[in-house]
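Working notes, beginning with the structure itself.
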Amino acid sequence: MLGLSHLAGNLPAADAGFAMRVPRGFVARMRHGDARDPLLLQVLPQLAECDLVAGFVHDAVGDLAARAAHGVLHKYHGRALLIASGSCAINCRYCFRRHYPYAEDVAAAGQWRQALEHLRRDPSVSELILSGGDPLALTTPKLEELGRGLAELPQVTRLRIHSRLPVVLPERIDTPLLAWLEALPLQKVMVLHANHAQELDAGVDAACARLRAAGVSLLNQSVLLRGVNDAVDVLAALSERLFAAGVLPYYLHQLDRVQGAAHFEVDDARARALIDGLRSRLPGYLVPRLVREVAGDGAKRPL
Ligand SMILES: *Cc1c(COP(=O)(O)O)cnc(C)c1O
Ligand code: SF4
């Protein structure tokens with residue numbers, strides 16, 4: 001598809017158990033002929049994924065232990081997270097859920113019934129987070145069904161959607177989806193996922209503008225990735241570009257130590273130095289919080 005499988009060090013396009021997958025529009029934002037392109041590096045399988053590195057495991061963040069019901073992860077106070085969908089429009093090579101057993105554990109599978117039942121029993125949950133996989137990989141009718149179920153839960157006042165689709169496939173932010181969001185009687189937050197300013201183009205700007213017009217607050221989370229965004233200039237440009245699109249930087253995640261992703265890791269000392277560099281040149285609201293997810297913790301851990 002990319003005509004790049006001849007590059008040294010790449011796996012044959014077939015994968016490493018996690019297929020290469022990338023929308024055409026995202027490919028179009030790559031710099032052609034540049035093997036170090038930061039968008040390409042996020043999606044192209046590398047031989048290094050086959051290395052077994054000590055400390056890099058299948059379930060890096062304790063998700064399997066935190067399953068509260070079918071497709072529900074309930075680790076933090078007041079927020080329950082639904083594994084709404086097992087699929088994504090893009091397969092990011094560093095993905096912390098590349099080994100997650102989605103087939104058996106997706107909340108949408110049983111018409112959301114078990115997930116909603118879990119919420120009904122817990123009055124402390126005021127925010128429902130749709131994650132995945134990518135929840136916007138679900139059809140809009142499927143999301144509407146969830147919206148109807150949520151309407152019966154008075155304690156849930158916020159819906160948060162974690163999605164990479166507005167960035168990698170902005171066409172997904174279509175009129176029916178926007179109509180659903182606009183009509184939802186909840187506060188709405190969408191946490192996008194972009195790692196490099198080059199991922200944002202006019203199509204992404206338009207999708208963000210339409211989401212905001214539908215009453216959705218926009219935040220962004222990134223993963224700190226060696227060779228992709230581990231430079232102060234690159235991170236500063238990302239924050240500025242996000243803000244130009246109406247999106248506030250939220251988290252910069254230290255990589256989850258998932259098997260096959262070790263070649264993307266940036267050590268904690270460098271990560272802190274990068275954030276200090278950002279702090280010295282950007283307004284505070286454009287500096288994302290540098291965090292790591294630690295299995296068993298009650299919140300993301302600041303570094
Ligand atoms: C990251 C995460 C959340 C959200 O955490 P915030 O700090 O509120 O963004 C909620 N539940 C789970 C299981 C998570 O992994
Ligand atoms: S979009 Fe998110 S969940 Fe999907 S592969 Fe990329 S990082 Fe993983």
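All residue numbers refer to positions in the sequence shown, counting from 1. Just so you know, ligand 1 is whichever comes first in the structure, and atom 1 is the first atom listed for that ligand.
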Worksheet item: Under the ring-ring contact (aromatic ring centres under 6.0 Å, His included) test, which residues partner H32, sequence neighbours left out?
Response: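 Listed in chain order: nothing, the list is empty.
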
Worksheet item: Hey, does I90 sit under 4.0 Å from ligand 2 if you only count heavy atoms?
Response: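 For ligand 2, residue contact (heavy atoms, under 4.0 Å) with I90 is present.
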
Practice prompt. Report the relative orientation of the aromatic rings in F243 and Y285; use parallel for angles under 30°, tilted for 30 to 60°, perpendicular for over 60°.
Written response: tilted

Worksheet item: Mind checking whether H162 has an N or O less than 3.5 Å away from an N or O of ligand 1?
Response: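 N/O-N/O distance below 3.5 Å does not exist for this pair.
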
Item to complete: Could you say whether the N/O atoms of R160 and ligand 1 ever approach to under 3.5 Å?
Response: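 So ligand 1 has an N or O lying under 3.5 Å from an N or O of R160.
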
For [atom], what is the nearest protein heavy atom, given as residue, atom name and distance?
atom                    : answer
atom 7 (O) of ligand 1  : Y251 OH, 2.6 Å
atom 10 (C) of ligand 1 : Y76 CD1, 3.3 Å
atom 1 (C) of ligand 1  : K300 NZ, 1.7 Å

Discussion item. When you measure from the side chain of Q42 to the backbone of N195, do you find a donor-acceptor pair of N or O atoms at a distance under 3.5 Å?
Written reply: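 Pair absent, no side-chain N/O of Q42 close to backbone of N195.
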
Practice prompt. Please determine which of I161, L211, V216 meets the side chain to side chain contact (heavy atoms under 4.5 Å, CB included) test together with K188.
Written response: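 Only one option passes, and that is V216.
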
Considering only heavy atoms of [X], which atoms of ligand 1 have at least one such atom less than 4.0 Å away?
X    : result
Y250 : 6 (P), 7 (O), 8 (O), 9 (O)
L81  : 11 (N), 12 (C), 13 (C), 14 (C)
K75  : 13 (C)
I129 : 3 (C), 4 (C), 10 (C)

Worksheet entry | Metal site atom 8 (Fe) of ligand 2: N/O/S of C88 inside 2.8 Å |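 No, since none of the N, O or S atoms of C88 sits under 2.8 Å from atom 8 (Fe) of ligand 2.
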
Worksheet item: Between D233 and R281, is there a side-chain N and carboxylate O pair less than 4.0 Å apart?
Response: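 Salt bridge flag = yes for R281 with D233.
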
Worksheet entry | Salt-bridge present (E293, R301; N to O < 4.0 Å) | no

Item to complete: May I ask which of R164, H193, H253 has a heavy atom nearer to atom 7 (S) of ligand 2 than the others do?
Response: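 Result: the heavy atom closest to atom 7 (S) of ligand 2 is in H193.
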
Discussion item. Less than 4.5 Å apart, side chain to side chain, heavy atoms only: is that true for H162 and I129?
Written reply: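 When only atoms from C-beta onward are counted, I129 and H162 do touch, with a gap below 4.5 Å.
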
Practice prompt. Mark the output for E293 as yes if a heavy-atom distance to ligand 1 is under 4.0 Å, and as no if none is.
Written response: yes

Worksheet entry | Test side-chain hydrogen bond (donor to acceptor under 3.5 Å, both in side chains) applied to R158 - qualifying residues, sequence neighbours left out | E127

Discussion item. Given Q198, which partner from the list R241, R31, R29 fulfils the side chain to side chain donor-acceptor pair (under 3.5 Å) test?
Written reply: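 The residue from R241, R31, R29 that satisfies side chain to side chain donor-acceptor pair (under 3.5 Å) with Q198 turns out to be R31.
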
